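Notes for the one structure printed next.
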Amino acid sequence: ISASRSDVSARSPIAADGVTQSKITVTLMDDWGNKIAGKALTLSPPPTGSNNTYTSFSELTNANGQAYAYLASTRAEQKIIKVKEFSGVQLLDTAQVKFTALDAQGISYVSGTDQTGNFGTATKDKIKARVYDKNNNPISDYPIFFEAYEGGGYVWECRESKPVFTDQTGVASASWILGPSAEVNRARANAAGLAGSGSVRYIATAHSGTAKKIEKGSGDTQTGTAGLPLNNPLVVKVVDSAGDPIYNYPVKFKVTFGGG
């Protein structure tokens with residue numbers, strides 16, 4: 001048996017429904033490429049990943065040197081298949097099977113509620129929601145509309161009725177700008193047609209902070225042409241004693257040296 005010339009292949013991609021199977025085909029060969037019949041094989045080590053159901057090789061290799069195994073899973077991920085002949089020869093070739101998520105089924109809360117901040121400013125942490133299929137696999141690139149529905153605030157990414165799309169972990173996040181007065185703010189995540197849409201909710205309390213200091217943001221140490229504007233604006237940040245930003249506070253910029 002040639003560990004290097006023998007071939008391992010598998011059907012991919014496969015839906016991660018726990019029912020649809022990937023057919024794993026092994027062709028056993030010697031060093032000269034001759035097919036070897038009558039040998040027993042096993043999936044060893046077992047396929048990588050989780051939530052796997054598999055049927056190992058139930059028959060010996062046939063006249064074409066081939067034997068078959070089957071793999072199903074409810075976990076959407078890449079699986080690596082390795083095969084060993086019963087005498088102990090580990091085949092060097094491997095197969096990879098990509099199990100894909102099913103249709104989106106629901107949306108759930110991740111983080112971002114119970115925050116406080118100064119009115120008119122963004123909450124310290126973004127609000128987040130997750131989309132999943134019936135087996136709790138994450139759904140990527142799914143549109144979520146975050147909506148601030150109480151308190152007069154808004155969600156920055158959705159301010160023009162645009163959605164935020166989920167990432168590879170199924171999570172979408174957005175910046176929540178609190179309303180212009182000191183009161184309770186509420187927001188929610190909507191994903192049309194999914195269980196939980198509209199019921200994923202966030203709450204934050206806006207208050208009126210007192211400006212304590214100004215911090216340098218960006219725009220320092222630039223070079224430019226005399227008489228022309230710099231490429232980047234000068235940016236500063238006004239914060240309260242806790243370091244939270246202050247909205248609508250007057251700032252005056254003044255040139256102190258060199259003219260301009």
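This structure is a prediction, so every number in the text was calculated from the model and none was measured.
The closest side-chain heavy-atom distance from Y54 to P46 is below 4.5 Å. A heavy-atom distance below 4.5 Å is not found between the side chains of Y68 and I24. The shortest side-chain heavy-atom distance between L71 and P47 falls under the 4.5 Å cut-off. For the pair N185/T205, no side-chain contact is recorded, criterion being any heavy-atom separation below 4.5 Å from C-beta on. Contact of the I107 side chain with the I144 side chain is registered, since non-hydrogen atoms from C-beta on lie closer than 4.5 Å. Between P138 and Q168 there is no side-chain heavy-atom pair separated by less than 4.5 Å. Inter-residue side-chain proximity for S111 and D125 is flagged as unmet; no heavy-atom pair is nearer than 4.5 Å. Residues V251 and V238 have side chains in contact (heavy-atom distance under 4.5 Å, counting atoms from C-beta outward).
Residue K82 holds its NZ atom at 8.5 Å from OG1 of T48, rounded to the nearest 0.5 Å. Within the model, atoms OG1 of T61 and CD of E59 stand 10.5 Å from one another, a figure rounded to the nearest 0.5 Å.
Side-chain atoms of T169 and D167 form a donor-acceptor pair, as typed in the model, at a separation below 3.5 Å. Defined by atom type and a distance below 3.5 Å, a donor-acceptor pair is present between the side-chain atoms of R130 and N136. A donor atom on one side chain and an acceptor atom on the other are not found under 3.5 Å apart for T27 and D7.
Clustering ILVMFWY residues whenever any of their side-chain heavy atoms sit less than 4.5 angstrom apart, transitively, puts Y149 in a cluster other than the one holding F145. L43 and V89 fall within the same hydrophobic cluster, where Ile, Leu, Val, Met, Phe, Trp and Tyr residues are linked whenever their side-chain heavy atoms come under 4.5 Å apart, directly or through other members. Linking ILVMFWY residues whenever their side-chain heavy atoms come closer than 4.5 Å, directly or via other members, leaves L41 and M29 in distinct clusters. Cluster membership check: F57 shares its hydrophobic cluster with I1, using side-chain heavy-atom separations under 4.5 Å among Ile, Leu, Val, Met, Phe, Trp and Tyr. I177 and I246 fall into different hydrophobic clusters, defined by Ile, Leu, Val, Met, Phe, Trp and Tyr side-chain heavy atoms under 4.5 Å apart, directly or through other members.
The side chain to side chain contact (heavy atoms under 4.5 Å, CB included) test with N118 is passed by exactly one of D240, L178, N248, T210: D240. Among V83, T25, L92, T94, the one residue that satisfies the side chain to side chain contact (heavy atoms under 4.5 Å, CB included) test with V8 is V83. Test N137, N52, N135 against S73 for side chain to side chain donor-acceptor pair (under 3.5 Å) and you get one pass: N52.
Within the structure, the ring-ring contact (aromatic ring centres under 6.0 Å, His included) test picks out the following pairs touching residues 90-138 (sequence neighbours left out): Y109-Y202.
Salt-bridge check for R75 with E77: failed, with every basic side-chain N at 4.0 Å or more from each acidic carboxylate O.
For N64, there are no side-chain hydrogen bond (donor to acceptor under 3.5 Å, both in side chains) partners two or more places apart in sequence or in a different chain. Looking at residues two or more places apart in sequence or on another chain, you find no salt bridge (charged side-chain N to carboxylate O under 4.0 Å, His left out) involving K23.
A distance-only check finds no donor-acceptor pair linking the side chain of E147 to the backbone of A189 [under 3.5 Å].
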